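So the structure is just underneath, and the comments pick up after that.
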Amino acid sequence: NMVLQTKSTKRGVVSIDLDETWMYHQIHGLSSLDDSKAGPVMQKGLKRFVQIMDDLQIPATIFVVGKEIAKTDNQMTLLQNVTLETHEIANHSMNHPYQFHLLSFKKKREEILLAAQEIENVTKKKVNGFRAPGYQFDSETFSLLQEMNYHYDASLLPSLPYYFARRIILQWYALQKRNSHSHRGHIKNFFHKSNPRRISNHFWQLPIGTFPYLRIPCIGTTLAMLPKKLIQPICRHTFAKNSYFDIEFHGLDFLDVKKDDIEPQLVSLHKELQKSIEQRLELFFLVLKEFKRRYEIRTIADHVSSLESSI
């Protein structure tokens, strides 16, 4: 594998995983939600996210679950709010199985293929990228994606603190007899360097950004917890270190606890949701404004094209 060396161009990505609220109930072992109807992430969260991206004129990479985009109401929302010429729609599996890496080869293929069919049916564009649920990737997944002519995988989160935090939480849930669908994953997947890796001709793996030193994930959950006055110095320091950086959000980051019908149990487990939607949107706007000053922000597919052509 070839690791990209630092170049003068600083490549930035803003991505979002549109995990619906019923998926979080599965993670936390909470009472199951009705997953047959369109939920608040696709109906409300997506609109707020796209609004910020469009206000700042930032192209986003949007990872969609096939089961959700198959719903007519969600298709309408996506097409009405997302400019497909600007933003990229990528594959986040068909059913969002948290133990994706433990599925059989046949099941993995099915999860990727069916989701792509649902997405392409709506966007009329070929899907070029994939992010596995729970950052759970393996060599089988790479083989399948290359066989299907994907250009990249974006499942890498090079953060050991995240791995150990998830492991501790899952052990705690097990003691409480809560049936979580999540899985700690392979520790080696959280060890990688935070540079794009060329896996083979025309196929890359792109990492999610982390803060320096401790490598805590630079995702909506952590950004929402930052004090407003520390945003600029933290961002300045974080963004100075990397030639490639992906700020990852989740649809949940853009939900309004008062208006969007979120179960109190879920809110109590996500401290960031205890900040008002206005506070979170303001923080995200400040971070992204600073990010735009320091990086050339494109979709992941566009960056992969330029990486490939620069070899």
Side-chain angles (χ1 to χ4, degrees), residues 1 3 13 15-17 19 21 23-30 63 92-93 96-103 130-142 153-197 205-227 230 234-235 237-239 241-242 244-253 265-275 280 283 287:
N1 294 345
V3 175
V13 165
S15 65
I16 186 168
D17 300 356
D19 302 354
T21 49
M23 301 173 199
Y24 288 94
H25 277 242
Q26 288 184 342
I27 291 178
H28 298 302
L30 302 175
F63 288 92
H92 197 34
S93 79
H96 205 271
Y98 283 98
Q99 303 189 12
F100 183 85
H101 60 305
L102 301 179
L103 297 178
F130 177 75
R131 179 173 283 158
Y135 317 110
Q136 311 281 22
F137 65 90
D138 58 8
S139 56
E140 263 190 5
T141 309
F142 287 169
D153 168 82
S155 310
L156 174 59
L157 178 60
S159 171
L160 278 176
Y162 177 87
Y163 169 82
F164 286 115
R166 180 157 71 182
R167 190 168 180 156
I168 289 163
I169 289 165
L170 288 176
Q171 285 172 339
W172 173 243
Y173 285 173
L175 286 172
Q176 292 182 309
K177 303 264 191 300
R178 275 159 65 171
N179 181 27
S180 171
H181 289 219
S182 190
H183 190 274
R184 68 176 186 271
H186 297 305
I187 191 169
K188 64 180 170 53
N189 285 353
F190 298 87
F191 258 120
H192 286 283
K193 292 183 179 177
S194 49
N195 297 314
R197 294 191 302 152
Q205 184 173 54
L206 290 300
I208 292 157
T210 58
F211 292 105
Y213 312 121
L214 290 178
R215 284 197 171 191
I216 291 163
C218 185
I219 59 177
T221 311
T222 47
L223 293 172
M225 301 307 290
L226 293 177
L230 293 182
I234 287 172
C235 286
H237 190 59
T238 300
F239 300 152
K241 297 280 181 184
N242 300 279
Y244 175 88
F245 204 88
D246 177 353
I247 297 178
E248 183 203 23
F249 291 100
H250 288 84
L252 195 73
D253 301 327
Q265 284 175 297
L266 187 56
V267 177
S268 70
L269 292 166
H270 283 263
K271 299 295 176 200
E272 73 279 12
L273 290 179
Q274 290 160 34
K275 275 194 174 179
R280 277 177 278 136
L283 287 171
V287 169

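Please read all numbers here as calculations on a predicted model, not as lab measurements.
- Ring geometry for His28 versus His270: interplanar angle over 60°, hence perpendicular rather than tilted (30 to 60°).
- Here the closest non-hydrogen pair linking Pro217 and Phe211 is O-CE1, 3.6 Å.
- Formation of a donor-acceptor pair under 3.5 Å by the His183 side chain with backbone atoms of Gly185 is found in this model.
- When atom types are taken as modelled, the side chain of Tyr244 and the backbone of Val13 share no donor-acceptor pair closer than 3.5 angstrom.
- Between Ile208 and Ile219 the shortest side-chain heavy-atom distance falls below 4.5 Å.
- Between Leu157 and Phe137 there is no side-chain heavy-atom pair separated by less than 4.5 Å.
- Atom OH of Tyr173 sits about 12.5 Å away from atom CD1 of Ile168, to the nearest 0.5 Å.
- Between Gln136 and Leu102, every side-chain heavy-atom pair lies at or beyond the 4.5 Å cut-off.
- With rounding to the nearest 0.5 angstrom, the CZ atom of Arg178 is 10.5 Å from the CG atom of Leu170.
- The two residues Arg131 and Ser15 make their nearest non-hydrogen contact at NH1-OG, 3.1 Å.
- If you take CZ on Phe245 and SG on Cys218, they are separated by 4.0 Å, rounding to the nearest 0.5 Å.
- For the pair Thr210 and Thr238, the tightest heavy-atom approach, listed with the atom from each and the gap, is O-CG2, 4.1 Å.
- At most 12 heavy atoms of other shown residues, nucleotides or ligands fall within 6.0 angstrom of atom NZ in Lys177.
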Set out, in order, the CA-CA distance, both residues' side-chain angles and the distance that settles side-chain contact (heavy atoms from CB on, under 4.5 Å) for Arg280 and Leu273, then state yes or no. CA-CA 9 Å; Arg280 277 177 278 136; Leu273 290 179; 3.7 Å; yes
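- Residues Asp253 and Thr221 share a closest heavy-atom pair of OD1-N, 3.8 Å.
- The OH atom of Tyr162 sits 11.5 Å away from the OG1 atom of Thr222 when rounded to the nearest 0.5 Å.
- With a 4.5 Å cut-off on side-chain heavy atoms, Phe63 and Asp19 do not count as touching.
- At a threshold of 4.5 Å between non-hydrogen side-chain atoms, the residues Tyr135 and Asn189 do not count as touching.
- Heavy-atom minimum distance, Leu160 versus Phe191: CD1-CE2, 3.4 Å.
- In this structure, the side chains of Leu206 and Asp246 stay at 4.5 Å or more apart for every pair of heavy atoms.
- Looking at heavy atoms from C-beta onward, Phe142 lies in side-chain contact with Gln205 at the 4.5 angstrom threshold.
- Taking 4.5 Å as the limit, some side-chain heavy atom of Arg166 sits within range of a side-chain heavy atom of Ser182.
- The CD1 atom of Ile27 lies 9.5 Å from the CE atom of Met23; values are rounded to the nearest 0.5 Å.
- With rounding to the nearest 0.5 Å, the separation of CG in Leu223 from CD in Glu248 is 10.5 Å.
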Steps toward side-chain contact (heavy atoms from CB on, under 4.5 Å) verdict (Phe190, Arg184): CA-CA 11 Å; Phe190 298 87; Arg184 68 176 186 271; over 6 Å; no
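- The shortest non-hydrogen separation linking Gly220 to Phe249 is CA-CD2, 3.6 Å.
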Full working for side-chain contact (heavy atoms from CB on, under 4.5 Å) between Phe164 and Ile187: CA-CA 9 Å; Phe164 286 115; Ile187 191 169; 3.8 Å; yes
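- Aromatic ring orientation, His250 versus Tyr24: perpendicular (interplanar angle above 60°, classes split at 30° and 60°).
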List the steps and the verdict of side-chain contact (heavy atoms from CB on, under 4.5 Å) for Thr141 and His101. CA-CA 8 Å; Thr141 309; His101 60 305; 5.9 Å; no
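- In this structure, the side chain of Lys275 engages the main chain of Ala224 through a donor-acceptor pair within 3.5 Å.
- Ring centroid separation for the pair His181 and His96 does not come in under the 6.0 Å cut-off.
- Side-chain N or O atoms of Ser159 include one that pairs as donor or acceptor with a backbone N or O of Arg215 at under 3.5 Å.
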